[in-house]
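Convention: sequence-line order gives letters A, B, ...; per-chain numbering from 1.
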Amino acid sequence: MVERYLTICQPAIIGEQIAAMISIDSSYNPKKYEKKWWDFWEQNNFFDTAASNKAPYTILMPPPNVTSHLHMGHGTTYTFQDLLIRWKRMQGYTACWLPGTDHAGIATQMMVEKDLEKTEGKTRKDIGREAFFARCQKWRDVHGGKIYQQFQDIGFSADWKRSAYTMDEDLSAAVRYVFVTLFKEGLIYRGERLVNWDTVLKTAVSDDELYSEEMNGHLWHLRYPVEGSDEQIVIATTRPETMLGDTAVAVHPDDDRYKHLVGRNIRLPICDRLIPIIADDYVKSDFGSGAVKITPAHDPNDFEIGKRHKLPFVEIFDDAAAITEVAPEAFRGLDRFVARKKVIKTFKELGLFEKEEHYKHSVPHSDRSKSIVEPKLSKQWYVRMKPLAEPAAAAARNGELNFFPKSWSKTYLYWLDNIQDWCISRQLWWGHQIPIWYCDSCDHLQTGVEDPTQCDQCGSDKLTQDPDVLDTWFSSWLWPLSPFGWPDEKKQQEKDLNYFYPSNVLITAPEIIFLWVARMVMAGLKFKGEVPFKDIYFTAVVTDKQGKKFSKTLGNGIDPLEIIDKHGADATRFTGVSMAPLGGRVMMDKSDFDHGARFVNKLWNASRFLFNYLDSDTKLKPISEVDLDLPSQWLLTGLSDTAKRVNESFSNYHLNDAVDRIYHFIWGQFCDWGLECAKQSLQSSDEQKRSEVLSVLVYALDGALRLAHPIMPFVTEELWQKLPHHPDWDRPKSIVVAGFPDESKLASYAKSSSQWQAVLQMITSVRSVRQQVGISPKIELDCLIKASDELVAVVDGNQEYIKKLANIKSISISSSQSRPEHSLAAIGKGFECYLPVAGLVDFTKERGRIEGEIKRITKIVDGISNKLKNKNFVERAPENVVLQTKEQLENMSGQLQSLKENLAAIG
RNA sequence: GGGCGCAUAGCUCAGCUGGUUAGAGCACUGCCCUUACAAGGCAGGGGUCCUAAGUUCGAAUCUUAGUGCGCCCACCA
């Protein structure tokens, strides 16, 4: 190993070239270059954007939480965005990737409260609202910057100077404006209903902030005595503690078992209250006992029934879900789960306990505190969603909005078509305080863009602002607008709102389709009259190899920072994108990133090889002045084809496909054949030839670096900067702003390319034959070739390549070459290569090999000829397909014929 | 209970509007330290494309059903 290392390090250079040669390390060391180029880009303001006569291309960056750190979700989702932005920027667009952060109301408040508890042992109430708010702000200042730094480490080329933050003055003004506007239009109202109450955070949360979890619970059957009778009604419940708030028992009106009891009363055990037995269609006779206890204040269904039957609402829980004063003394102050046990125990003691069954059911939890939410009767602010949802749904139906993958539009539409009003008030301190003021004297309620100083109605100056804050999403849904200065006329002009709006594509995770995506569409349509983005791309969910989502608690996440540290940002980006197809799911583990690292290293070394032959004085010719040989034409055609596919794949968001193409062009074409073929020209003494081949290679490498740049910005910049300027390419200060390869401007040579392909096949099949019969690649062989007339000329002019790459001593070619005795045969489309190997091989091996080939080809030939014998196929299939099939048959049966003849010749 | 998606090589996946000798990366086998790269080169092995039926001249690709697995939505106590 050490020995090897020493030989590598010996510079392969001759005499006076030393001084001018381009020096480069023998392997790519990301740490050495990433910081350097990031600073260079930043100093040159390449990512800054402003309205111009160029076309805009805009992507809104989904605001990461201020509290979060970079994770693999960002690694893929955001890399996609950077890819598109860099691609468009190179194509000459004003590519604006708008970054920003979110104040993440509940999440931040939780963190700060925890911190406060830990460091000072205090609660938020201990220090008061103002001090607590300031603490949240400080927390954000400290932690908010971290994620930006991490985004920059991975090379995200957002317009960082435009960074917005939902609590900024301008963005807060937008929130205020929107609230006031909607309020005045009657789209915001205050209502008292059951909300999802987070008993830990002591705030309401919206339906969309819940998740449900299957839990192994119980179904308890309890007996309720009918007043003035010996009869008892058995009711089944999963939540016995709520019986303390029961105000009725309901049965189905047609249920014969209970018909005679409707209208009578139950004497509610423990509480000793009388509650009516009512009939309601909602009750399913076949579930449980067919009788349901009704707790209108603590169950959404019961709430509806309670309203229908005008039942009393008895609230038995306080903010922390402990039992209130309304319950019998023995229960007061108990936690809901403690109370549950006590209720059951009491029923047992009273002899009213029927039975208990195991029961699996899903229980709603709060996303943030992970606690079980409690339905709670409470006064909250709501947005009337229907008028906003309808246009948003229409936009998807009429094609103004396009989903990738398409199927997401169904999910989107289902939600909009069944929209519920949005509860926007939160009993928190961190966030935008609701701009509603109550008059202390007359109870009048008013709002305003400016803080009011007196009551509109009675003139009193004693006003109290609503203590609650707005849901974080109430500021996030303005993301397409507020960071661009909206609604202030002057500011939005300064920030080019109309130039950048609407954005081109939104790329995000599917889990926030309702919380964020749909609501942005609504806000965009409502306030700007146009969708905020045309395309919506949902990325794949990143999971571990077991298919589990990455999560902190499971500890199965891959830390991108660790990967970047080990392999570099480019490798991380490459793997992240190449593994993530459109939609679906992508399973990753750390070893997957080796792939990217290997590719980066390959590109590095290919360039390094070329640099050996280049110096600052190297004269490169325009391609039009080069007498192109076949390998060069083939390579240039490959570049053009690749550019075409890459541009197409970027356009329709098949990013992994684009990455795959680039990978294969660089590795499979440029390195494996392009450089290998070029080696002898580069080492030849023919100055002319050398410079021409070099011109082509530099040109192609420059193109390849451009293609790869959006994926691997750092390494491509480093190499590109070192690469001498080829006159056919533009040469700006950085590859960041260099032109992206455009196939319509790239030369392509279809015919030469396919001719060369045939030569490559020749080389490959000769190698294959040697390998199969066990002749070392080190043994030089002679080669006699029989080939089509077209190929004869091609091979004749390019013998050197075959000799070198297949280790052939001499070549003799003609269209009538016959097979010499004691030779091996490599047979392919349009050619037969004979390798005389007298004494080198056991011919039974060769025989076996050819027999195997015959078997394989016979199968194919049979398949094709059967197809052609089928009259229906010939008549109904399109002409070109039939023609193609005929050609195929001709070709394959030719090969088969040759194989058979060769087998016979072995004797 | 409704909706959506997935099932192709040992593993992770491509295969977009039906016509290929079904591909890639990793893993595996053999041969090569050929001075850009051993994180490499060359050559290979490995697949009844989940099952069944259907449409079609032709299905991995379209239809239907089934099986298995994910995700989302939903108030059955």
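Rounded to whole Å, the distance from CG on A:Leu889 to P on B:G58 is 19 Å. One can place CG of A:Asn652 at 13 Å from C1' of B:U17, the figure rounded to the nearest angstrom. Put simply, CD on A:Gln772 is 15 Å from P on B:C31, counting in whole angstrom units. In this structure, A:Phe873 atom CZ and B:G19 atom C1' are separated by 7 Å, rounded to whole Å. Rounded to a whole Å, the CD atom of A:Glu887 is 16 Å from the C1' atom of B:U21. Taking atom NE2 on A:His298 and atom P on B:C75, their separation rounds to 19 Å, with Å as the unit. At whole-Å resolution of the value, CZ in A:Phe593 and P in B:A39 are 20 Å apart. Residue A:Lys867 contributes atom NZ, which lies 11 Å from atom P of B:G58 at whole-angstrom precision.
Side-chain atoms of A:Asp862 and A:Asn866 include no donor-acceptor pair closer than 3.5 Å. For the residue pair A:Ser765 / A:Gln761, no side-chain donor-acceptor distance below 3.5 Å is found, with atom types taken as modelled.
Residue side chain A:Gln771 reaches the base of B:G30 through a donor-acceptor N/O pair under 3.5 Å, judged by distance alone. Residue side chain A:Lys602 reaches the base of B:C37 through a donor-acceptor N/O pair under 3.5 Å, judged by distance alone.
As judged by a 4.0 angstrom heavy-atom cut-off over every strand, A:Pro878 is placed among the base-contacting residues. Among the atoms of the strands shown, none is found under 4.0 Å from any heavy atom of A:Lys829. Within the nucleic acid shown, A:Trp673 has no heavy atom closer than 4.0 Å to any nucleic acid atom.
As rounded to the nearest Å, B:A7 and B:G47 have C1' atoms that lie 14 Å from one another. Comparing B:A77 with B:U17, their P atoms are spaced 42 Å from each other, to the whole Å. B:U63 and B:C69 are spaced 23 Å apart, taking the P atom of each and rounding to whole Å. Comparing B:A39 with B:G25, their C1' atoms sit 14 Å apart, to the nearest whole Å.
In this structure, A:His218 and A:Trp220 have tilted ring planes: the angle between them lies in the 30° to 60° band.
Relative to the six-membered ring of A:Tyr282, A:Lys284 meets both conditions, a distance below 6.0 Å and an angle of at most 45° to the axis. Geometrically, A:Lys679 does not engage A:Tyr613 in a cation-pi contact defined by less than 6.0 Å to the ring centre and at most 45° from the axis.
The side chain of A:Arg598 places an N or O atom within less than 4.0 Å of a non-bridging phosphate oxygen (OP1 or OP2) of B:G40.
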